[in-house]
There are 2 protein chains.
Amino acid sequence: MAKRERGTLSRAEIVKVALEVAEADGAEALTFRRLGPALGVAPTAVLRHFRDKDELLLAIGAQLLEHALSEVDTDEPDWRKRIMSLARASRRAFVTHPRVAALVATRTLRQEAEFRTVELIIGALEQAGLHGRAAASMYRAVADTILAWTAFEANVHAVGLDVMDRDGLAWTREYVVLPADRYPHIRNVAEHLSDVNREDQFELALELILDAVEMRAKPI
Amino acid sequence: MAKRERGTLSRAEIVKVALEVAEADGAEALTFRRLGPALGVAPTAVLRHFRDKDELLLAIGAQLLEHALSEVDTDEPDWRKRIMSLARASRRAFVTHPRVAALVATRTLRQEAEFRTVELIIGALEQAGLHGRAAASMYRAVADTILAWTAFEANVHAVGLDVMDRDGLAWTREYVVLPADRYPHIRNVAEHLSDVNREDQFELALELILDAVEMRAKPI
DNA sequence: ACCTGAACACCGTTCAAGT
DNA sequence: ACCTGAACACCGTTCAAGT
């Protein structure tokens, strides 16, 4: 706990160290009392830069989204690829920091990074041929699906890391041994349930929605 | 805090009162220390029926899903309607108890109610014409989308109730005033953004996916 | 202006003791 | 067998005091 010179603490550094702490020891370790020492400072010093814990979490979320956005190729001419690129980048950023992501994914961040995300999606949909009300409506369906899936995955990951021992890894195994007379449909596909991983499902769900977007934009 | 006779405390009653407490005072009020008095019992007495708080939350989640399932018309012959009915019932159950739902939605509950849900969805997909690996894969896409959206909405609701003052209700208002030169696409549809509500989006996103399911099951 | 240290009002969980 | 009460090891946040 080397003491540091006064005035050298910044919001940026706090966010960075907070991510490290959460990554290393879990979201429940992300407390002011641990964060202080990790920064070489008293626990309450952080409160001089963030009004409360919620404001800190919001800043962390913004940072995550910022990083995801920086990886998106905004010059990609194909609108579907642009949306998929954004979706994958978001997923990657959140799954990399699942414990923090779970805490912030559902917050409206209301910051630069979020506005740019919205702009990107609406632009893609307009290119696809949707405008006005239809574009607004579809934007919410697409954006919220990406966000919902991303948040969901982050949560599952975070919980998975925390209670893996209790819940067990192979949940699909339980489905295989269910009584066939009461669960005939499950039995039919049980052997395939463990093959599918969540990343594939995320891609599939999104592709399904974009298929439908395309159909509605340019009806046959 | 009328004392109660010994041996009258049950898991069922604890779950019921826990839901009431959370509903009334928020998820952060769902503590053993408040739950005890609400049950007319010492705070630690609850720990005789649930190993820890996580086990209590799991039981609450199971109860929510159970209730949702009881409202689904499983005899409905149209597979699309059956899935939509399940989705709406889940949404309703979770949005009714957003603060608790947010805490439990991402847990694999691994209980009776969950198995029946899976059985229902796979049965619907088989009726649609999907089998084996394709059915398993699509089941995950559909089920996880319902779950992700439901969890997401519950979270948004819960956060909304908790930090409504700070975040403000009319987030869409901020989008209307964004500089048009930097966000031209947003500006194009800004006036329509506030029209769409989340329930419509949930329905839309699901219909989009089911459209695509139908297309893949019976290709043109 | 920025940071510290003590204090306040909480948590979940354990455990010896009561009935 | 079931419940209580005290105790332990934590939280976020406030606030007077230091530099």
Q: In whole angstrom, give the distance that lies between atom CD of Glu28(B) and atom P of dG12(C).
A: 12 Å
Q: Specify whether Phe202(A) and Trp149(A) have parallel, tilted or perpendicular ring planes, treating 30° as the upper limit for parallel and 60° as the lower limit for perpendicular.
A: tilted
Q: In whole angstrom, give the distance that lies between atom CG of Leu35(A) and atom C1' of dC3(C).
A: 15 Å
Q: Name the residue closer to the 5' end of DNA chain C, choosing between Ala29(B) and Ala42(A) according to the nucleotide with the nearest heavy atom.
A: Ala42(A)
Q. Taking a pair as Watson-Crick or G-U wobble with both distances under 3.5 Å, which nucleotide is matched to dA16(D)?
A. dT4(C)
Q. Glu207(A): what forms a salt bridge (charged side-chain N to carboxylate O under 4.0 Å, His left out) with it, not counting sequence neighbours?
A. Arg80(A)
Q | Side-chain heavy-atom pair Ser137(B), His192(A) within 4.5 angstrom cut-off | A | no
**Q.** Phosphate-side-chain proximity, His49(A) and dC3(C), N/O vs OP1/OP2 below 4.0 Å
**A.** yes
(Q) Assess the residue pair Phe152(B) and Leu147(A) against the criterion (side-chain contact (heavy atoms from CB on, under 4.5 Å)); give the C-alpha distance rounded to whole Å, side-chain angles, the decisive distance to 0.1 Å, and a yes or no. (A) CA-CA 8 Å; Phe152(B) 180 66; Leu147(A) 209 51; 3.7 Å; yes
Which atom pairs link the protein and nucleotides 13-18 of chain D when you take only N or O atoms and keep those under 3.5 Å?
from, atom 1, to, atom 2, distance (Å)
dT13(D), OP2, Lys53(A), N, 3.0

Q) With no hydrogens and no angle check, is any side-chain donor or acceptor of Glu119(B) less than 3.5 Å from a backbone partner on His185(A)? A) yes
Q: Return the value, rounded to whole Å, for the distance between atom CZ of Arg34(B) and atom C1' of dG12(C).
A: 15 Å
Q.
Using whole Å, what does the distance between atom P of nucleotide dC2(C) and atom CG of Leu39(A) come to?
A. 16 Å
Q | Watson-Crick or G-U counterpart of dA9(C), or none if no pair lies under 3.5 Å | A | none
Q: Quickly work out the Arg11(B) CZ to dC2(D) C1' distance and round it to whole Å.
A: 16 Å
Q: Quote, to the nearest angstrom, the P distance that separates dA9(D) from dA9(C).
A: 22 Å
Q) Rounded to whole angstroms, how far apart are CD on Glu5(B) and C1' on dA1(D)? A) 16 Å
Q. Rounded to whole angstrom units, what separation is found between the CD1 atom of Ile14(A) and the P atom of dC2(C)?
A. 12 Å
**Q.** Carboxylate-amine/guanidinium proximity below 4.0 Å for Glu55(B) and Arg11(B)
**A.** yes
Q.
Using side-chain contact (heavy atoms from CB on, under 4.5 Å), reason through Arg133(A) and Glu191(B) one step at a time and then give a plain yes or no.
A. CA-CA 8 Å; Arg133(A) 205 176 194 300; Glu191(B) 53 173 321; over 6 Å; no
**Q.** Separation of dC11(C) C1' from Leu30(B) CG (nearest whole Å)
**A.** 13 Å
